[in-house]
Amino acid sequence: MNDSTSETLDRAPASTLNGPVRPTSLPGDDVIAEMLKSANIPTLLATLVHLSGNTAILTGPVRPSPQTLGDEQGGLTEDEKESVRQDALKAIAAFRDAGCPELPRLPDSTILDIMSLLAGEPMPAEYVPLLLEEMRLADRDERQLRWSSAGFDPARTGFKVAIIGAGISGVLAAIRLAEAGVPYTVYEKNAGVGGTWFENVYPGCRVDNPSHFYSYSFAQKLDWTHSFSKQPDLLDYVSRLAAEHDILGNVQFGTEVTALHFDDETAQWTLKLRSGSEASEAKANAVVAATGQLNQPKPPQIEGVGTFAGTILHTGAWDPHAELKGKRVGVIGTGASAMQLVPEIAPDVACLALFQRSPPWIYPTPAYQDAVPEGHKWLMEHVPYYANWFRFWLFWTLADGLLPMVTVDPAWGPTDRAVNAANDEARANLTAVIHQELADRPDLIEKCVPNYPVLGKRVLRDNGNWYKTLKRDNVELITTPIKRIVPSGVEMADGRTIELDALVYATGFQASEFLGKIDVTGRNGLPLRQYWDGDPRAYLGVTIPHFPNLFCLYGPNVNIVHGGSMIFMSECGVRHITESVKYLLEHGHRTLEPREDVHDAYNRVIDEANSMRTWGVPSVSSWYKNTKGRVTQCWPLRFADYWNWTKSINPDDFNFG
């Protein structure tokens, strides 16, 4: 073996994963051992099976647990972790000394066994094809559209698609349509791609999904700088992919879609456009509405909004030139954006009043603001299958693996605090964290323990910085109800007035306004707002009866609560859209729309499932529910279900024209 420690660490030539990495050389043992100190051990354990071919690992003594609070290493002991590192060192060194050969593909049965080991329970066989796609262990990109006839040219049909929005989902739709050769145009109101990552620029803005999971399956970035990426890195990722896939020339920037009208005779959509002061129109055979949900800032519903005389900011429409240093600042809201913003600005302001209506559950995440260790990054880029299995570890611990914990047990009893035994245990564990973090400030504990079940609302991430910020001398957590906003600040229900220089609204978005403020009319001039009547629904979150060839992304009831990545849901939705376009063109149809009975039956299933989840119980109030009390945002079933239902289309579910 080569024990030299003088080698330099070469960077991988590519930053995206399109299958297992295939190094041509590796450094000496001492360097590899140093890199292994930063390894995710469950991932390393799975990788070992590939590298060594030793399936006895699957029944060995090291058994990770995916449900270990705040421990991303699967609850393993130090001795167990060191044992896996030593075995990995031997396997990687042997792989290196053999000349870094191409490794044989493991049979699906072995892959299923590895999945079961990491999941801590038998993995249903139906997950294998899904996860082969998600991990990029499949032989090809199965989510890419392929025409039935190799010579089929969709451009000759004259079929054109309009995509509204160039965020994560819109760029994805454009990439997939471009791969399939379907003509398209993207209309983007901003000056660049990125959507929420273009618009949200408040201090501290970052993703609360692990970076290595928050990426397209076909372009898994290996060289993220942070475990939970900052806004500039996320914007760079989307922008770079848009450029690499050559879609920027098909984007009309600075162009807002104000209305959509379907013409029954021509079977086309007319888009009314506005660019600055100029109005125009465009035609399309199909429209993909990738407008997002979290891009219309919602001001607080409080008397006196607009009367404040100082600086007013909203986290969703931040002014990067705003100066808060030395100011008296008030922040209304303690949700995700506030949790990122407040610790960033608190050290520099004179005083900060934090107005809280309901505290969030917070999942302890030690690496939340950490840079990705060089060793972990090196393993991702140089050790075959490590990056693929790390993606699986993130998927399962953050997705369907959590579904039982959020499901109502009918025999449990009152659901105002917990919905089942596991949910109650999670409550006890997270409450213990609060008591530990605030042991020296018992006056804050009662204010910080939520009175609803875990995952009834979005669970936030923090590395302890939030609680440290609440304990600062210049920060006051205020739970007294706000009476009104006044020119000088905020008047409380107890008569106290908080004098302020600046007021920040961290009050979220108008998430129930699907398709934004676009006026949409379908068949026979039917307005979409009238059809929805304040209660948006769609079949698979994508298509709507009476609105032919109108496809939604991030539509009704596909938002994620119990885990997962929104990108996964968007990939499923885009696949369903491209398969729909394929069916239309290959069968000579002009339009499709879901049958109303199919649409209604599907939504009954979704409503029933939502009623049995933490976020659907009557005692929980959140933005997931509309004014009628119905959950319009959340996906309540398995991610495997959504993948299965969207990977193709069932012609019997649709009406064609």
Is it true that a side-chain atom of [X] and a backbone atom of [Y] form a donor plus acceptor pair closer than 3.5 Å?
X: Asn285; Y: Lys160; value: yes
X: Thr614; Y: Leu455; value: yes
X: Gln220; Y: Ser217; value: yes
X: Gln369; Y: Asn463; value: no
X: Tyr202; Y: His314; value: no
X: Thr521; Y: Leu526; value: no
X: Ser211; Y: Ser229; value: yes
X: Ser275; Y: Gly254; value: yes
X: Thr365; Y: Tyr363; value: yes
X: Asp236; Y: Pro232; value: no

Ionic contact status for [Y] with [X], cut-off 4.0 Å:
X: Lys628; Y: Asp533; result: yes
X: Glu381; Y: Lys377; result: no
X: Lys230; Y: Asp233; result: no
X: Lys647; Y: Glu133; result: no

Residues [X] and [Y]: side-chain donor-acceptor under 3.5 angstrom:
X: Glu72; Y: Asn40; answer: no
X: Lys457; Y: Ser358; answer: yes
X: Arg391; Y: Ser215; answer: yes
X: Lys283; Y: Thr270; answer: yes
X: Asn557; Y: Arg630; answer: yes

Near-ring test [Y]/[X], centroid separation under 6.0 angstrom:
X: Trp224; Y: Tyr214; value: no
X: Phe392; Y: Trp389; value: yes
X: Phe262; Y: Phe547; value: no
X: Phe395; Y: Phe568; value: yes

| Residue Asp246 excluded, over 12 heavy atoms near CG under 6.0 Å |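 For Asp246, atom CG is not crowded (no more than 12 foreign heavy atoms under 6.0 Å).
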| query | Counting only heavy atoms not in Arg357, do more than 12 sit closer than 6.0 Å to its CZ atom? | reply |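 No, not enclosed.
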| So do the side chains of Leu341 and Trp318 get within less than 4.5 Å of each other, counting heavy atoms only? |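 Side-chain contact under 4.5 Å: yes.
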| field | 4.5 Å side-chain heavy-atom contact, Val574 and Leu553 | value |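 Yes, close enough: below the 4.5 Å cut-off.
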| At their closest point, which heavy atom of Ser580 faces which heavy atom of Ile649, and how far apart are they? |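 Shortest heavy-atom separation between Ser580 and Ile649 comes out as OG-CG2, 3.3 Å.
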| task | Please report the shortest heavy-atom distance between Cys634 and Val561, naming the atom on each side. | result |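 What the structure gives for the nearest pair is SG-CG2, 3.3 Å.
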| query | With respect to Trp643, which candidate in Arg143, Glu134, Glu571 satisfies the side chain to side chain contact (heavy atoms under 4.5 Å, CB included) definition? | reply |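 Of the listed residues Arg143, Glu134, Glu571, the side chain to side chain contact (heavy atoms under 4.5 Å, CB included) partner of Trp643 is Arg143.
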| task | Check the pair Asp535, Asn626 against side-chain hydrogen bond (donor to acceptor under 3.5 Å, both in side chains), reporting the backbone distance first and the verdict last. | result | CA-CA 7 Å; Asp535 193 8; Asn626 62 16; 2.9 Å; yes
| Cation over ring, Arg176 on Tyr216, under 6.0 Å and within 45°? |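 The answer is no, since Arg176 fails at least one limit relative to Tyr216.
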